[in-house]
Amino acid sequence: MGRSKKNQYHKSLHQQIHERLVSLQAFGDSRREDKKRGADRGKIYSFSTYQTYRRAAMRFAKYIEQTYPECTTMKKSKRYVNEWLQSRQEEGVSNWTLAMETSALCKLYGILPDDPDRFRPPARRREDIKRSRGDTKRDAHFSVKNNDELIKFVCATGTRRGVLEKLRGDQLWSSKRMEEQAVRLAEKNTLTDGEAHQLALLRQALSDFPEFAYFIYHSRDKGGKSRFAPVRPEFQEVVVRRMEEAGPTGLVFQRVHDGADIHHYRGVYARNLYRRFARKIEDIPYDRINRGSGKRYQSQVYCCRGDEKGRKLDRRALLLVSRALGHNRVNVVAENYLYGL
C-alpha cells in the first residue's frame, strides 16, 4: 500500500531555505545590467555572498527549530524574521553583522527595501568598528616573528585572505611582462571579450602605477572583479621569492594562520599607497566653479563625513588606492582603510 498523506515526506525548513537560496544564484550575471532593468532583487551574484547569506539563514532556521518547532515551512517562519533580528541585536552582535543578516533574510523572503515592516538595523558608525583596530584575544595565539614573511607579503600586496589561500606562483607579473602582453593583444586584429578586458586592465595598471616593477594578477577576486595590484617595493624581494619558489601552479602559502589579521595588513598596504600618491591639500588646484556661489573649489579634494567631518583627502590618490585594493570606490578606502593616517 502507498503512504498516506499524513506520513508523506516533507522537506525540513533547512532544506527549503537551502533550495530557495540555490534558486537565487546568478553567478556570472551582470548586476549592473540587471539593475538597469530592475531585475536584480531576486538574485545573488557572488558565491561568497551566497555562502555568507546561507550561514545567516541557517542560524535563523536553527532559531525557529528550537523556539517554534511547530513552524516547519518558510511561509510560516517569515513572520518571525523581525523577532529573530531583534534578538540578535539584543545579543550584542555588531551593527555590520546585523545589517548583513537583515539583507540575507530579506533576500531569502523577498522583503523589499521600501516594505514598512522591514527590520531597520541601527546605523553603522566608524567609531563602532572593532575589527582590525587593536589587539584581540586571537592575537595571543599568533606569532608575529614566526609569520614575518606572511605579514610582509600582505603588507606588500594588499591581498584578501580568500585570494591569499589560493594564490599561485604564476599570478606574479613583472611590468615588462605586462607591457609585452599589452603589445601582443593590441596587435591582434580581433580580440575575445576576455582578451579585450585583460588589455584594458593592463593599460590601466601600467598607466596608474608606472613606477612599480611587479604586480599580482587577480583574475577573479571579490565580486568576480579582475585587476593588477602593484607590489610595494619595500617588500618586493619577499614577494618575488615566495612566488617563484611556489612555481607556476604551486600555492604560495600552504596555510594562512587563522590568527593573522589580514584585513589589518590590507590597511597597512592601503595607507602606504595613499601616502605615496597623495598631494598636499593646499597644492591641489581650485579647478571648478560652484554654480550657486560662483566661487572656485577643489574638485580633487575628498571631504570626509560623519565623525571624520572636516578631514580632507586627495581624491586622485584615493582612486588609485581603491583600484589597487579592488574596490573602485573612493569612499570605501576613505572610510575603512585610512584610519590612523
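Atoms considered below: every heavy atom in the structure, side chains included; atoms not considered: hydrogens, waters and symmetry mates. Please read these numbers as outputs of a predicted model, since none were measured by experiment.
The two residues K225 and G326 have their closest heavy-atom pair at CD-O, 3.9 Å. Of all heavy-atom pairs between P248 and R168, the closest is O-CB, 3.8 Å. Residues L199 and A182 share a closest heavy-atom pair of CD1-O, 3.5 Å. The shortest heavy-atom contact between A205 and M178 is CB-CE, 3.8 Å. A324 approaches Y269 most closely through the heavy-atom pair CB-OH, 3.8 Å. Counting all heavy atoms, side chain and backbone alike, A270 lies closest to L325 at CB-CD1, 3.8 Å.
Judged purely by atom type and a 3.5 angstrom limit, Q86 has no side-chain atom pairing as donor or acceptor with the backbone of F119. Between the side chain of S207 and the main chain of Q204, no donor-acceptor pair closer than 3.5 Å is present. One N or O on the side chain of R118 and one on the backbone of I111 form a donor-acceptor pair closer than 3.5 Å. At distances below 3.5 Å, not a single donor-acceptor pair connects side-chain atoms of S322 with backbone N or O atoms of L319. Counting only distance, with no hydrogens or angles, the side chain of R232 and the backbone of C155 share a donor-acceptor pair below 3.5 Å. D287 contributes a side-chain N or O that, together with a main-chain N or O of S299, makes up a donor-acceptor pair within less than 3.5 Å. Proximity of a side-chain donor or acceptor of R203 to a complementary backbone N or O of A200 within less than 3.5 Å is not detected. Side-chain atoms of K107 come within 3.5 Å of backbone N or O of R41 as a donor-acceptor pair. In this structure, the side chain of R266 does not engage the main chain of V154 through any donor-acceptor pair within 3.5 Å. Formation of a donor-acceptor pair under 3.5 Å by the N290 side chain with backbone atoms of S293 is found in this model.
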- side chain to side chain contact (heavy atoms under 4.5 Å, CB included) between Y274 and L338, intermediate numbers included: CA-CA 8 Å; Y274 179 80; L338 299 189; 4.0 Å; yes

- Task: Show the numbers, then the answer: is there a side chain to side chain contact (heavy atoms under 4.5 Å, CB included) between L105 and L108?
- Result: CA-CA 5 Å; L105 294 191; L108 176 68; 4.2 Å; yes

- Task: Before giving the answer on side chain to side chain contact (heavy atoms under 4.5 Å, CB included), spell out for E195 and Q198 the whole-Å C-alpha distance, their side-chain angles and the decisive distance to 0.1 Å.
- Result: CA-CA 5 Å; E195 289 173 332; Q198 187 182 70; 5.8 Å; no

- Message: Is there a side chain to side chain contact (heavy atoms under 4.5 Å, CB included) between Y217 and D170? Walk through the geometry before answering.
- Response: CA-CA 9 Å; Y217 179 44; D170 63 353; over 6 Å; no

- Task: Check the pair R177, E180 against salt bridge (charged side-chain N to carboxylate O under 4.0 Å, His left out), reporting the backbone distance first and the verdict last.
- Result: CA-CA 5 Å; R177 178 188 174 190; E180 291 172 348; over 6 Å; no

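Between D34 and the options R37, R31, R32, a salt bridge (charged side-chain N to carboxylate O under 4.0 Å, His left out) holds for only R37. Just one residue in the list D29, V22, L21 forms a side-chain contact (heavy atoms from CB on, under 4.5 Å) with Q25, and that residue is V22. The only option from L172, L251, V252, T157 that meets the side-chain contact (heavy atoms from CB on, under 4.5 Å) definition with L167 turns out to be V252. Exactly one residue among F228, F212, F215, Y214 makes a ring-ring contact (aromatic ring centres under 6.0 Å, His included) with W173. That residue is F228.
The environment of D193 atom CG is sparse: at most 12 non-hydrogen atoms of other residues, nucleotides or ligands sit within 6.0 angstrom. A 6.0 Å sphere centred on CD of E19 holds more than 12 heavy atoms belonging to other residues, nucleotides or ligands. Within a 6.0 Å sphere centred on OH of Y286, other residues, nucleotides and ligands contribute 12 heavy atoms or fewer. Within 6.0 Å of CZ on R329 lie no more than 12 heavy atoms contributed by other residues, nucleotides or ligands. Atom CG of D114 sits in a crowded spot, with more than 12 heavy atoms from other residues, nucleotides or ligands closer than 6.0 Å.
Taking the six-membered ring where tryptophan is involved, the planes of F277 and F209 are tilted, since the angle between them lies from 30° to 60°. Ring geometry for Y50 against F27 counts as perpendicular: the plane angle is over 60°, on a 0 to 90° scale with 30° as the lower cut.
Cluster annotation: L24 and F47 are assigned to the same hydrophobic cluster (Ile/Leu/Val/Met/Phe/Trp/Tyr, side-chain heavy-atom contacts under 4.5 Å, transitive). Under the 4.5 Å side-chain contact rule for hydrophobic residues, V144 and L164 share a cluster.
E33 has a carboxylate O that lies under 4.0 Å from a charged side-chain N of K36, or vice versa, which qualifies the two as a salt bridge. A salt bridge does not link E211 to R276: none of the charged side-chain nitrogens sits closer than 4.0 Å to a carboxylate oxygen. Looking at K152 and E149, no side-chain N of the basic residue comes within less than 4.0 Å of a carboxylate O on the acidic one, giving no salt bridge.
With hydrogens and angles left out, the side-chain atoms of Y68 and S77 include no donor and acceptor closer than 3.5 Å. In this model, no donor atom of one side chain and acceptor atom of the other lie less than 3.5 Å apart for Q51 and R54.
When side chains are defined from C-beta on, V301 does not count as touching D314, because their heavy atoms never get closer than 4.5 Å. L13 places a side-chain heavy atom less than 4.5 Å from the side chain of M74. Side-chain contact between Y337 and H327 is present, with at least one heavy-atom pair separated by less than 4.5 Å.
For F153 and F253, the ring centers are positioned less than 6.0 Å apart.
To the nearest 0.5 Å, the span separating CD on E165 from CZ on R255 amounts to 10.0 Å.
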